[in-house]
Amino acid sequence: MRSRIKSDALFKEALNYLPGGVNSPVRAFRAVGGQPFFVNRAKGARVWDVDGNEYIDYVGTWGPAILGHAYPKIIEAVQKTAEAGTSFGIPNPLEVTMAKLICATVPSVKKVRMCNSGTEATMSAIRLARGFTHRDKIIKFEGCYHGHVDSLLVKAGSGALTFGHPDSAGVPAAFTQHTIVLPFNDLDAVQQALAANPGQVAGIILEPVPGNSGVFAPLPGYLEGLRQLTSEAGALLIFDEVMTGFRLARGGAQERYGITPDLSCFGKIIGGGLPVGAFGGRTDIMDCLAPLGPVYQAGTLSGNPLAMAAGITALEELGKNDAYARLEALGARLEHGLREAARSAGLPSRVNRVGSMFCAYFTDQPVNNLADAMKSDRERFARFFRGMLEEGIYLAPSQFEAGFLSLAHTPEDVDRTVAATAKVLQTLK
Ligand SMILES: *Cc1c(COP(=O)(O)O)cnc(C)c1O
């Protein structure tokens, strides 16, 4: 067994001062048993815990680390920028560079506003959609996560087609009464909901490739269908690309699938590992934001120079050297290896992958939505997770998270991961 003496001591202390010992719930490892390890160093595709254990990392700080951890050019840009001041609260040139870069890379985005997290981005995009359309209702999908925004923290109940039910205590029912929750990959459900709420739906928000219930892909024609239905209904199509943006293609899922949303949300990769979010889209919609229009949105640290410097560097680097072709090849190698390992272990499994996002479910049924994902044997996943950790492979500590490849992962890393998978699966039969 790997020694976790220092991590265990830190966690014990953390429990006294931080609720659950963590600043974000999944980090507590509740879904997989055991205790979290504490990391004080990361480089490339590796993280090291405070006891000196090394892991190949497939969490990548939940997505941002697409170039690998502690990427030298990002570190350098942050250091150099910090010397000139860490925050100004008045326009700085890096904000313009960043905005131009996003607009040039994602053609549906004509104007963009920077904020500080993915949650802020989706929260503001929803407000903007409502302010622009003068409508209140929002459609979201089961299993899509858009941050901890009150009105979006809703999962499907039996009343999914009418009013959503809060997913978290502390969210008044009144805050979610305008949220309609539907199953993903079901165009009929969307058509019916729009017909049942004529002239009332401000927008449909979705992760174009959901990556917060594991990973599943939009079925052929689904995104095209959403585009058409929203246009016909006068509702906005909002792509939450906080995870998929600059990951599934340089221009995100919208480039990969050839869809033009009205608004898009970003985060994670665009901050290069610093706290950032952004939302942008059509000029007529974006110009409804204060100070030009009546929709209020603001942020003391928005457009922070350190975050801009890190993000600009990350986006520029991603434009080089066939980055996405390399990620695709690594992904295909991993997908193939995981499938073979599961087959030889004789365990029912489904490996879903889109580009550098992947998830393995312990079920023999296809996984195309949240209900399918829920059929996975989570107890088996928890044992798999713990086995892999012992082998020095760090997967996300939940069945319902995506795994991420980075440009720092090598084919050898992938092969080692596949070999560890084969070994661990043998113990799960
Ligand atoms: C991570 C994520 C968010 C929330 O971003 P935070 O920076 O954690 O607030 C929103 N939407 C999607 C799709 C995400 O993956």
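Counting starts at 1 for both ligands and their atoms, in listed order.
- Screening Leu153, Val181, Val171, Ile138 for a side chain to side chain contact (heavy atoms under 4.5 Å, CB included) involving Thr176 leaves a single residue, Val171.
- For ligand 1, one of its N or O atoms has an N or O atom of Gly118 under 3.5 Å away.
- Among Met243, Lys268, His148, the residue whose heavy atom lies closest to atom 2 (C) of ligand 1 is Lys268.
- Protein heavy atom in closest approach to atom 3 (C) of ligand 1: Val242 CG1, 3.7 Å.
- Using a 4.0 Å cut-off between charged side-chain N and carboxylate O, Arg227 and Asp262 make a salt bridge.
- Between Glu391 and Arg386 there is no salt bridge, since no side-chain nitrogen of the basic residue lies less than 4.0 Å from a carboxylate oxygen of the acidic one.
- Heavy-atom proximity to Ser117, at under 4.0 Å, picks out these atoms of ligand 1: 7 (O), 9 (O).
- Within ligand 1, the atoms closer than 4.0 Å to a non-hydrogen atom of Tyr145 are 11 (N), 12 (C), 13 (C), numbered from 1 in the order shown.
- The distance between the ring centers of Phe266 and Phe279 does not fall below 6.0 angstrom.
- Using cut-offs of 30° and 60° on the angle between ring planes, the pair Phe381 and Phe362 is tilted.
- Ring-plane geometry between Phe37 and Phe29 is classed as perpendicular, the angle between the planes exceeding 60 degrees on a 0 to 90 degree scale with a lower cut at 30.
- Proximity of His146 to ligand 1, defined as any heavy-atom pair under 4.0 Å, is confined to the backbone N, CA, C and O atoms.
- Residue-level proximity to ligand 1 for Thr244 is absent, since no heavy atom of it falls below 4.0 angstrom.
- Considering backbone and side-chain atoms alike, Asp240 places an N or O below 3.5 Å from some N or O of ligand 1.
- Ligand 1 places these atoms under 4.0 Å from at least one heavy atom of Glu207: 13 (C).
- In terms of polar-atom proximity, Thr119 is counted as a contact of ligand 1, with an N or O under 3.5 Å from an N or O of the ligand.
- Applying the 6.0 Å contact sphere to NZ of Lys43 captures more than 12 heavy atoms from other residues, nucleotides or ligands.
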